[in-house]
Amino acid sequence: MVKSVNFVVLGKQDIASEFGKKGTVTDLSLYDRKESDIIKTWVIPSGFPDKIQPLFQAINLAEYVIFYVEKLDKFTGEQIIALDSLKKDKGILSHTFDVDESKLDTMIKGTVVEKYLKVEPEKIKEEMDKLKPLTNNDPPAMVVDHCFDVKGVGTVILGKVTNGTVKQYDNLKLYPLGIDVLIKSIQMHDDPVSESVCPARVGLAVKGAKPDEVSRGDIISTEGAVDVKTEIELDFQKSPFYKNDIAENQGCLVSVGLQIKAAKFSSISPLKLTFEKPIVCKKGQIAVILKPESPIIRILGSGSIQ
């Protein structure tokens, strides 16, 4: 059985090219390499820092973080806050020669990044190779990151198996639309396979859904494995770095998994968000509220879905 490990590369993103071969490139760029029976994937938020959204999507695709800091600025701060918001506590931290280590230590103090293994740059790959695949036996689920039409094949969906095992000929549901989809075939690292175990990156040829019905962040799973909602309540913590007030009916963007959806504050205490379009979620999942137009910090706060 082929196993998988997924990393997000933050800070100095171009080191990903030293680890794997470049694959899909959009506002997320993917690199991968197969080593014996393990496929390793590195995702970088290539649309960041211009946009905040790819940062959260890239982090949500990974089990492990490679954070190679090359300068201490507000974007480094945003990456630290993003990792802390999403409770990504498994990672490797390194920095270039010209970064002041004591200042970096101050920036990460009290965050999950403080728990990362600190290494010299030349040791990143060696330590990364020690990190083991993380899997589970939950009902099958996959999160979508890209979708397109392939001549002679039909709808092809790229994404990550987040739970359990997805098998060829499985009949599953595409959420939030609730469409029935049949898994016609599965590819991993361009090789056909009959099944893929989480956290595998896969390409699925599916029957039942057209490319224009599939969006980044959609979930393919067994029926009823996820919730589809237009309002959620959060156990909310505002970021201490976001200084503006929030008010009812104020607009924002919300990151849940790979979904980035427009919402309004329908209540402040308790904090409730109402979405323009349905969102796929689970109780306990982390939602992060974003204000992309904010000039200082674009992360307003976060909380688990109640």
Side-chain angles (χ1 to χ4, degrees), residues 10 45 48-49 51-61 65 74-90 106-115 141 143 162-163 175-178 215-219 221 224-306:
L10 300 180
F48 176 85
K51 293 182 175 179
I52 187 78
Q53 294 93 317
L55 175 63
F56 281 88
Q57 293 173 326
I59 294 170
N60 270 308
L61 276 171
V65 179
K74 71 174 184 178
F75 299 122
T76 300
E78 277 192 327
Q79 290 169 92
I80 293 167
I81 296 166
L83 292 166
D84 197 51
S85 298
L86 294 171
K87 297 180 169 55
K88 285 286 180 178
D89 58 0
K90 296 178 179 68
T106 301
M107 287 178 77
I108 66 173
K109 190 170 175 61
T111 72
V112 291
V113 182
E114 197 175 19
K115 299 175 184 174
V143 63
T162 54
N163 294 298
Y175 292 104
L177 290 181
S215 300
R216 182 180 289 175
D218 285 2
I219 301 290
S221 70
V226 291
D227 298 322
V228 177
K229 294 189 173 185
T230 52
E231 183 177 81
I232 58 174
E233 182 180 326
L234 298 186
D235 175 16
F236 179 70
Q237 274 196 311
K238 187 179 171 187
S239 168
F241 303 100
Y242 188 84
K243 301 303 182 189
N244 295 342
D245 292 330
I246 55 175
E248 282 189 17
N249 294 319
Q250 190 180 342
C252 61
L253 289 181
V254 182
S255 164
V256 177
L258 300 198
Q259 302 163 99
I260 307 279
K261 302 230 174 163
K264 284 186 174 177
F265 295 103
S266 49
S267 164
I268 301 301
S269 185
L271 192 123
K272 292 182 181 178
L273 296 158
T274 302
F275 292 87
E276 293 177 7
K277 294 179 178 176
I279 195 159
V280 188
C281 61
K282 280 184 174 181
K283 186 176 180 180
Q285 193 173 6
I286 297 169
V288 184
I289 301 175
L290 307 174
K291 294 287 266 187
E293 70 281 5
S294 175
I296 309 296
I297 187 84
R298 296 175 284 184
I299 304 165
L300 194 153
S302 62
S304 56
I305 297 171
Q306 301 301 288

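What you see below is based on every heavy atom in this structure, not just the backbone, and it leaves out hydrogens, waters and symmetry mates. Positions are given from 1, in the same order as the sequence printed here.
Side-chain contact between Glu78 and Ile297 is present, with heavy atoms from C-beta onward closer than 4.5 Å. Between Phe75 and Arg298, some side-chain heavy-atom pair lies under the 4.5 Å cut-off. Counting heavy atoms from C-beta outward, Leu55 and Leu10 have side chains that approach closer than 4.5 Å. You'll find the side chain of Thr274 reaches within 4.5 Å of the side chain of Glu231, heavy atoms only. Put simply, the side chain of Asp218 reaches to within 4.5 Å of the side chain of Pro176, judged on heavy atoms.
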* Quick one: do Ile299 and Phe56 satisfy side chain to side chain contact (heavy atoms under 4.5 Å, CB included)? Show the steps, please. => CA-CA 10 Å; Ile299 304 165; Phe56 281 88; 3.7 Å; yes
* Would you please test Ile289 and Leu253 for side chain to side chain contact (heavy atoms under 4.5 Å, CB included) and show each step? => CA-CA 6 Å; Ile289 301 175; Leu253 289 181; over 6 Å; no
* Verdict with supporting geometry, Phe236 and Ile268, side chain to side chain contact (heavy atoms under 4.5 Å, CB included) -> CA-CA 9 Å; Phe236 179 70; Ile268 301 301; over 6 Å; no
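Salt bridge annotation for Glu293-Lys291: present, with a cationic side-chain nitrogen under 4.0 angstrom from a carboxylate oxygen.
Residue Lys109 holds its NZ atom at 8.5 Å from OG1 of Thr106, rounded to the nearest 0.5 Å. With rounding to the nearest 0.5 angstrom, the CG atom of Asp227 is 11.5 Å from the CD1 atom of Ile219. Taken from CG in Leu83 to NZ in Lys88, the straight-line distance is 9.0 Å, to the nearest 0.5 Å. Expressed to the nearest 0.5 Å, how far OG of Ser266 lies from CG of Leu273 amounts to 6.5 Å. To the nearest 0.5 angstrom, Ser302 atom OG is 8.5 Å from Leu234 atom CG.
Heavy-atom neighbours of Gln285 CD from other residues, nucleotides or ligands within 6.0 Å: above the threshold of 12. For NZ of Lys238, the number of neighbouring non-hydrogen atoms (other residues, nucleotides, ligands) closer than 6.0 Å is greater than 12. Counting heavy-atom neighbours within 6.0 Å of Ile296 CD1, excluding the residue itself, gives a total of 12 or less.
Gly110 and Asp84 get closest at one heavy-atom pair: O-OD1, 4.5 Å.
Glu233 pairs by the salt bridge (Lys or Arg N to Asp or Glu O under 4.0 Å) definition with nothing, not counting sequence neighbours.
For the side-chain hydrogen bond (donor to acceptor under 3.5 Å, both in side chains) criterion with Arg216, the lone passing option out of Gln57, Gln259, Gln53 is Gln57.
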